[in-house]
Amino acid sequence: MKKSLFLTALSLAILTGCQNVGSQALQIEKQGSFTVGGSYVTHKGTFKQENFIAPEGQRAYGDFAYVKYQTPTNAKKYPLVFQHGGAQSSRTWESTVDGREGFDTLFLRKGYSTYLVDQPRSGKSNLSTKAITADTPWASNPMYADKTFWILSRMGHYDSHNQPVANAQFPAGEAAYQAFQQAWTIGSGPLDNDLNADVLTQLVDQTKGAILVTHSMGGTIGWRTALRTDNVKAIVAWEPGGTPFIFPENEMPKITKARFEALSGAAMGVPMNEFLKLTKIPIVLYYGDYIRVGSDNVGEDKWGTELAMAKQFVATINKHGGDATLVHLPEIGIKGNSHFLMGEKNNQQLADLMADWLKQKGLDK
């Protein structure tokens, strides 16, 4: 092929690729990464070069968050800070398992700066000042848990040949299944959601105002962060659960028990003056499909108890003058979504739904 023809073909291929991932090329003003928070511990003794691999006198660093950020041209005032869920990382918000745009670039196209967080002791933040303990989530490596994760996340079921069958919105096929399973991470130290909230608070304070977008076990980190700083301007929580919701300590909710009781939705109490901070900002919670207390499917049953807890959480916030909304997607005609709905086939529709809510709350300026 002649050089000019090759370049023309290459240009066409690039243009076609751009059209496949968005209506036009992204215009990024700046991007990069950094760490926030963290600490270190020093081993006793004195460092000596003749024994330079020994720990004596050396520090162990850890407990920070890794943050990747992008700012589009003419960015809106408040960035979106994305907090992942348990055993996950910032990959939650990046490309989908079938190669489409995730919430990261979908919202860049909508004019929002995006900050993608790997929480302490997870993903690219996998240094810890504390050793792995028996209660460190998913600390076993390798993790023999593909069926556990698939079922608990309501992605689908397994057929008579033990092959995964995806639910309506999750991309079908072995490649998508493997991509989903390869997104999990193991903890490098004990799960500490107060530490996670402390570090996320530092990030939010650096931005001088941000909208938190959380998923699953990251939900409790979002609630706790809003108790620590006035710089959280709103919270969008995608299927929060797996860790406690926040309630006034004298108004604790009813616990709906799952068939496997340890999977039940949970709550923790805080003083009323702390809880009232959640009434000062708009909050929206989104839940997908296949959620039913008492289901024979352990994931559907588990998330039924979380949805029951979420309804009480929203009602309690609003009872005290707040602005909280719970959206159960099947009730508004959006069906077939699992627990990882931000990466499913209709994620553009869900991003638009979230963007409409942000506009309603005056947060799209």
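Thr129 is listed as a side-chain neighbour of Arg121, based on a closest heavy-atom distance under 4.5 Å. For the pair Gln119/Leu191, a side-chain contact is recorded, criterion being any heavy-atom separation below 4.5 Å from C-beta on. The shortest distance between side-chain heavy atoms of Asn337 and Tyr286 does not fall below 4.5 Å. Annotation: side chain of Leu358 is in contact with side chain of Tyr112 (closest heavy-atom distance under 4.5 Å). Using a 4.5 Å cut-off on side-chain heavy atoms (C-beta onward), Phe245 and Gln312 make no contact. Residues Asp301 and Phe260 have side chains not in contact (no heavy-atom distance under 4.5 Å, counting atoms from C-beta outward). Side-chain contact check for Tyr158 versus Gln163: every heavy-atom pair is 4.5 Å or farther apart. For the pair Val36/Val199, a side-chain contact is recorded, criterion being any heavy-atom separation below 4.5 Å from C-beta on.
The number of heavy-atom neighbours closer than 6.0 Å to NZ of Lys76, taken from other residues, nucleotides and ligands shown, is above 12. Counting heavy atoms of neighbouring residues, nucleotides and ligands inside a 6.0 Å radius, atom NZ of Lys147 exceeds 12 of them. A 6.0 Å sphere centred on OH of Tyr40 holds no more than 12 heavy atoms belonging to other residues, nucleotides or ligands. The neighbour count for Lys110 NZ, taken as heavy atoms of other residues, nucleotides or ligands under 6.0 Å away, is above 12. Enclosure of atom CD in Glu174 by more than 12 non-hydrogen atoms of other residues, nucleotides or ligands within 6.0 angstrom is indicated. Open room surrounds NZ on Lys257; 12 or fewer heavy atoms of other groups in view lie less than 6.0 Å from it. Within a 6.0 Å sphere centred on CG of Asp135, heavy atoms belonging to other residues, nucleotides or ligands number more than 12. By the neighbour-count criterion of 12 heavy atoms within 6.0 Å, atom CD of Glu50 is densely surrounded, having more than that number from other residues, nucleotides or ligands.
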- Task: Could you please spell out the steps behind the salt bridge (charged side-chain N to carboxylate O under 4.0 Å, His left out) verdict for Asp192 and Lys130?
- Result: CA-CA 11 Å; Asp192 185 340; Lys130 293 186 178 180; 5.3 Å; no
- Task: Using the side-chain hydrogen bond (donor to acceptor under 3.5 Å, both in side chains) rule, take Asn193 and Arg224 through it: C-alpha gap first, then chi angles, then the decisive distance, then the call.
- Result: CA-CA 8 Å; Asn193 281 322; Arg224 298 180 202 204; over 6 Å; no
- For the pair Trp184 and Phe149, evaluate side-chain contact (heavy atoms from CB on, under 4.5 Å) and give the outcome as yes or no after the intermediate values. CA-CA 9 Å; Trp184 299 102; Phe149 289 139; 3.4 Å; yes
- Task: Check step by step if side-chain contact (heavy atoms from CB on, under 4.5 Å) holds for Val97 and Phe170.
- Result: CA-CA 9 Å; Val97 294; Phe170 188 80; 3.9 Å; yes
- Message: Run the side-chain contact (heavy atoms from CB on, under 4.5 Å) test on Leu341 and Leu329 for me, step by step, so that the C-alpha distance in whole Å, both residues' side-chain angles and the decisive distance to 0.1 Å come before the verdict.
- Response: CA-CA 10 Å; Leu341 56 186; Leu329 295 174; 3.6 Å; yes
- Please report the C-alpha distance between Thr225 and Gln83 in whole Å, then the side-chain angles of each, then the deciding distance to 0.1 Å, and finally whether the side-chain contact (heavy atoms from CB on, under 4.5 Å) criterion is met. CA-CA 11 Å; Thr225 299; Gln83 165 66 52; over 6 Å; no
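Met342 and Val284 fall within a single hydrophobic cluster, where Ile, Leu, Val, Met, Phe, Trp and Tyr are joined by side-chain heavy atoms under 4.5 Å apart, directly or via other members. Leu263 and Met143 fall within the same hydrophobic cluster, defined by Ile, Leu, Val, Met, Phe, Trp and Tyr side-chain heavy atoms under 4.5 Å apart, directly or through other members. Under the 4.5 Å side-chain heavy-atom criterion for Ile, Leu, Val, Met, Phe, Trp and Tyr, Tyr177 and Tyr144 are members of distinct hydrophobic clusters. Note on Phe34: it clusters hydrophobically with Val117, by side-chain heavy-atom contacts below 4.5 Å among ILVMFWY residues. A single hydrophobic cluster is not seen to contain both Val298 and Val293; linkage of ILVMFWY side chains at heavy-atom distances under 4.5 Å, directly or through other members, places them apart.
Side chain of Glu239 to main chain of Gly288: a donor-acceptor pair is present (N/O by atom type, distance under 3.5 Å, no hydrogens or angles). A side-chain donor-acceptor contact under 3.5 Å links Asn167 to the backbone of Arg154. Of the possible polar contacts, none joining the Asn346 side chain to the Gln349 backbone as a donor-acceptor pair under 3.5 Å is found. The backbone N or O of Pro282 sits nowhere less than 3.5 Å from a side-chain atom of Asp323 that would complete a donor-acceptor pair. Side chain of Glu306 to main chain of Gly242: a donor-acceptor pair is present (N/O by atom type, distance under 3.5 Å, no hydrogens or angles). Judged by distance alone, the side chain of Ser125 and the main-chain N or O of Tyr66 form a donor-acceptor pair under 3.5 Å. Using a distance-only test at 3.5 Å, with no hydrogens or angles considered, no donor-acceptor pair links the side chain of Lys361 to the main chain of Ile281. At distances below 3.5 Å, at least one donor-acceptor pair connects side-chain atoms of Gln58 with backbone N or O atoms of Ala54. At distances below 3.5 Å, not a single donor-acceptor pair connects side-chain atoms of Thr136 with backbone N or O atoms of Gly187. Panel note: side chain Ser122, backbone Ser89; no donor-acceptor pair is recorded below 3.5 Å.
Using modelled atom types and a 3.5 Å distance limit, the side chains of Asp98 and Thr96 yield a donor-acceptor pair. Gln348 and Asp352 form a side-chain donor-acceptor contact under 3.5 Å, judged by distance and modelled atom types alone.
Rounded to the nearest 0.5 Å, atoms CG (Leu26) and OG1 (Thr73) are 9.5 Å apart. In this structure, the separation between NZ on Lys311 and CG on Leu285 is 12.0 Å, given to the nearest 0.5 Å. Atom CD of Gln178 sits about 10.0 Å away from atom CG of Asp146, to the nearest 0.5 Å. Taking CE of Met155 as the start and OH of Tyr290 as the end, the distance is 10.5 Å to the nearest 0.5 Å. Lys124 contributes atom NZ, which lies 12.5 Å from atom OG1 of Thr185 (distance to the nearest 0.5 angstrom). Taking NZ of Lys233 as the reference point, atom NZ of Lys77 lies at 7.0 Å (rounded to 0.5 Å).
Residues Ile132 and Ala139 share a closest heavy-atom pair of CG2-CB, 3.7 Å. Across every non-hydrogen atom of Glu344 and Gln169, the tightest pair is CB-O, 3.2 Å. Minimum heavy-atom separation, Phe103 to Asn347: CE1-O, 3.5 Å. Thr229 approaches Asn231 most closely through the heavy-atom pair OG1-N, 3.0 Å. Across every non-hydrogen atom of Met309 and Ala267, the tightest pair is SD-CB, 4.1 Å. What you find for Pro171 and Ala166 is that their closest heavy atoms are O-CB, 4.0 Å.
Aromatic ring orientation, Phe82 versus Trp93: tilted (interplanar angle from 30° to 60°). Ring orientation note: the planes of Trp303 and Tyr287 are tilted relative to one another, at an angle of 30° to 60°.
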Side chains of residues 208-219: which donor-acceptor pairs under 3.5 Å do they make with residues two or more places apart or in other chains?
| residue | atom | partner | partner atom | Å |
| --- | --- | --- | --- | --- |
| His215 | NE2 | His339 | O | 2.9 |
| Ser216 | OG | His339 | NE2 | 2.8 |

